[in-house]
Structure formats: structure tokens, C-alpha cells
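Structure record follows, encoded as C-alpha cells.
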Amino acid sequence: MSRDKILLTPGPLTTTLRTKLAMLNDWGSWDEDFKTITKNLRQSLLKIIKNQGDYTVVPMQGSGTFSVEAAIGTVVPKTGHLLVLDNGAYCRRMATISQKLGIKTTILSFPESEKVALNLVEKALKDDKSITHVGLIHCETGTGILNPLQEISDLCQDKGVGLIVDAMSSFGAYPIEVTSLQFDALIAASGKCLEGVPGMGFVFLRKAIIEGCEHHSPSISLDLYDQYYYMEKTGQWRFTPPTHVVVALYEALLQFFEEGGQPARLARYEANSKLLLEGMKKVGIKPFLKEEDLSAIIITFLAPTATKYSFKTLYEVTKAEGFMLYPGKLTEIETFRVGSIGAINALEMRQAINAITYALDDMAI
Ligand SMILES: *Cc1c(COP(=O)(O)O)cnc(C)c1O
């Protein structure tokens with residue numbers, strides 16, 4: 001097959017040919033042309049959150065997790081106390097990062113099948129006045145559940161605590177606008193709903209917060225304060241930027257705006273997701289979450305209970321047909337995940353459903 005395999009995974013994901021072609025040039029990181037791309041990229045990202053001037057965005061080399069670690073290490077002081085709202089694997093990763101940084105960390109756990117419950121967060125903040133920051137995963141990619149960002153943001157503002165949001169798998173698809181939201185830091189990355197290639201993250205920071213974060217970070221390379229000041233002063237990245245990833249993201253952003261921005265992207269992903277859900281229901285495969293809790297990013301499906309079922313076979317047969325699935329991330333029950341994001345639409349989704357159905361038939365399910 002001459003077509004690349006379609007990635008039904010939440011990053012890396014399928015990118016357009018135009019985005020791939022943007023990576024065919026070499027760039028000098030100190031050169032004016034590349035500095036202009038960095039500047040335009042940051043401005044475009046700030047446009048998506050409808051920044052009125054209170055926020056900045058700082059790009060960071062590495063995968064998305066590097067930026068989560070950078071954000072926590074830079075924003076939360078050593079004397080801080082982070083309350084991590086946990087309903088999945090990425091929440092627990094955030095807690096591990098915070099603990100490893102030597103920050104006092106409290107984990108408030110919820111069932112993986114439920115959104116984080118506002119009243120319990122409110123109670124936790126009331127019961128422990130030493131909590132300085134709340135850590136929230138917007139879309140918990142482990143299951144695909146979307147947590148109540150606006151409500152948590154309102155609560156944090158009301159209680160006077162900081163908010164750090166991992167919006168890695170939702171940014172670009174779901175509305176995230178500082179005209180209604182307030183946060184200290186919000187993290188996303190190149191290779192998710194903006195449909196760039198993986199290799200860099202970016203952190204939106206409230207200027208009033210980042211300006212007070214000098215010397216917080218115990219890391220040299222992951223210090224967002226230093227990255228911010230150096231970039232503002234020189235227009236350059238502190239250390240070698242992933243030049244090809246940056247230009248590819250910029251090209252992907254141009255296409256994002258041409259498509260109609262966040263509302264258009266969400267509409268396409270919702271259409272993909274709806275087709276997927278209906279197609280799987282037809283062959284008796286049900287989602288792990290309640291239907292009203294599903295996001296348009298990724299769906300976790302309950303694996304067939306038939307003894308002949310194995311994820312390995314499902315994966316290999318669908319891969320041979322040109323589609324890559326994602327394993328489940330739940331410890332208790334057998335599941336598999338299928339993403340709806342990336343440069344794909346109804347055509348690819350229908351083909352993918354056919355491939356999955358064929359694979360299940362192959363196992364006589
Ligand atoms: C993808 C993702 C990350 C980052 O994962 P990396 O493998 O480091 O890119 C973090 N949080 C969430 C919710 C994600 O979906």
C-alpha cells in the first residue's frame with residue numbers, strides 16, 4: 001500500500017501531506033527566518049485561547065510529558081502543595097512528576113469511569129488549607145473522559161488556589177478560552193489535536209504568575225521561566241529547537257485556521273467519533289464509559305469476552321489492513337482504544353471500522 005498507515009492513536013497521529021512536506025527544509029535556529037516562525041507560532045497559539053494580553057505561551061522541546069514536568073517544576077514552588085485530581089493514568093503520571101520534584105502532593109482519586117466530582121474537590125480544598133495548586137487533566141486520554149475544566153477553574157479562582165491543566169489531548173478540539181477560564185499553566189503539545197508531528201510541547205502561562213517564578217525550577221532544561229525570558233529577549237529558543245517539528249506545527253496551524261479553527265476541528269472529530277461508536281455497536285462492541293461521558297478524542301471499548309479474542313490478533317489484522325489501534329490502559333478490565341483525532345475524516349473512519357469488523361470476524365467473534 002502506498003498510503004501511510006492510518007494512526008487511530010491520540011498522538012502521534014495521522015498528519016496531512018502538506019504538514020509532512022514542511023519538514024523538507026533545514027533551518028538555522030538563530031536565523032531571523034526561524035525566529036519569525038517561532039514568533040508567529042506563539043502568536044497563533046495565543047489566538048486560539050483568545051488571549052487579551054494576560055497570557056503568554058512558552059514552547060518546550062520534548063514530548064508532552066516534558067512540558068508537564070516543566071510546568072509543575074516552574075509554577076509550583078518547593079513550599080507548595082499540589083492537589084492532583086485523579087481519574088486515570090495521565091493524572092497519576094502528573095502526581096508522580098510532582099512527587100519526584102519533591103513537592104507535597106495529595107491525590108484525590110475518583111473511579112476511572114467517572115468525571116472528577118466538583119463537590120469533593122471543594123471539600124478537599126476546605127479540609128486542607130495548605131493546598132496551593134490544583135492539577136487537572138482536561139481529557140484523560142487513558143479512558144477518553146472529559147473533565148469539567150470550566151467548573152474547576154471557577155472553583156480555583158473562588159478559593160484562591162492556582163490551577164495547572166494538562167490539556168494535551170483536548171487542546172485545539174475543545175474550547176479553551178481565557179475569556180472565561182483562568183489558570184496558572186495549561187499544557188499541550190504539537191502531535192495531538194493541532195495535527196503536527198510529535199517533538200515539542202507548549203505551556204500557556206498567566207504572565208502575572210510566570211513573572212514570579214524565577215529560581216523555582218530545579219531543572220536547567222525544563223525551566224519555563226528561563227525559556228520565557230530568553231525567548232522574549234532574543235527571539236530564540238535557549239537550547240537547540242526541534243526545527244522541523246516547529247515548522248511542521250506552524251504549517252499544521254495554518255491548516256487549522258483554514259479549516260475553521262477549533263469549532264470545525266471538533267465537528268470533524270465528533271463526526272468521526274459518532275461513526276466509530278455506531279460501527280462498533282453494530283458488531284456488539286460497547287464503550288467503557290457512559291455514552292454521555294464520551295469525548296470525541298478517543299473511545300475505550302470493552303474487549304469481546306469470547307475466548308478467541310486477543311488484542312494482539314486484533315492489532316495485527318487491522319494493521320495489515322492499514323490501521324493502527326491503541327491498547328487499553330485500564331488495569332482491571334480488558335479494553336482497547338480507538339482515536340478519532342488526526343487528519344482523517346469519514347472515509348478513513350468507515351474503512352477503519354470495516355478493518356476492525358473484519359479482524360473480529362477473523363477471530364470468529
Ligand atoms: C499525550 C498525552 C500526554 C503526553 O504524553 P507524551 O507521551 O509525553 O507525549 C500527557 N497527558 C495527556 C492527557 C496526553 O494525552
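Whatever order the structure lists ligands and atoms in, that order sets their numbers, starting from 1. Numbers here are sequence positions counted from 1. These numbers come from the heavy atoms of this one structure, side chains and all, not from hydrogens, waters or symmetry mates.
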Practice prompt. Without swapping roles, check the side chain of Gln227 against the backbone of Pro59 for a donor-acceptor pair under 3.5 Å.
Written response: yes
Worksheet item: Any donor-acceptor pair under 3.5 Å linking the side chain of Arg265 with the backbone of Phe257?
Response: no
Fill in: Pi-cation contact, Tyr228 with Lys207 (under 6.0 Å, within 45°)
no
List, for ligand 1, each N/O atom that has a protein N/O partner under 3.5 Å away, with both atom names and the distance.
unit_1   : atom_1 : unit_2 : atom_2 : d
ligand 1 : 8 (O)  : Ser63  : OG     : 2.5
ligand 1 : 8 (O)  : Gly64  : N      : 3.4
ligand 1 : 8 (O)  : Thr65  : N      : 2.8
ligand 1 : 8 (O)  : Thr65  : OG1    : 2.5
ligand 1 : 9 (O)  : Gly64  : N      : 3.1
ligand 1 : 11 (N) : Asp166 : OD1    : 3.3
ligand 1 : 11 (N) : Asp166 : OD2    : 2.6
ligand 1 : 15 (O) : Thr141 : OG1    : 2.5
ligand 1 : 15 (O) : Lys192 : NZ     : 2.8

Worksheet item: Can you list the residues that meet the side chain to side chain donor-acceptor pair (under 3.5 Å) rule with Gln262, with sequence neighbours excluded?
Response: none
Worksheet item: Which class fits the ring pair Phe34 and Trp27: parallel under 30°, tilted 30 to 60°, perpendicular over 60°?
Response: tilted
Discussion item. Tell me whether the rings of Phe171 and Phe202 are parallel (<30°), tilted (30 to 60°) or perpendicular (>60°).
Written reply: perpendicular
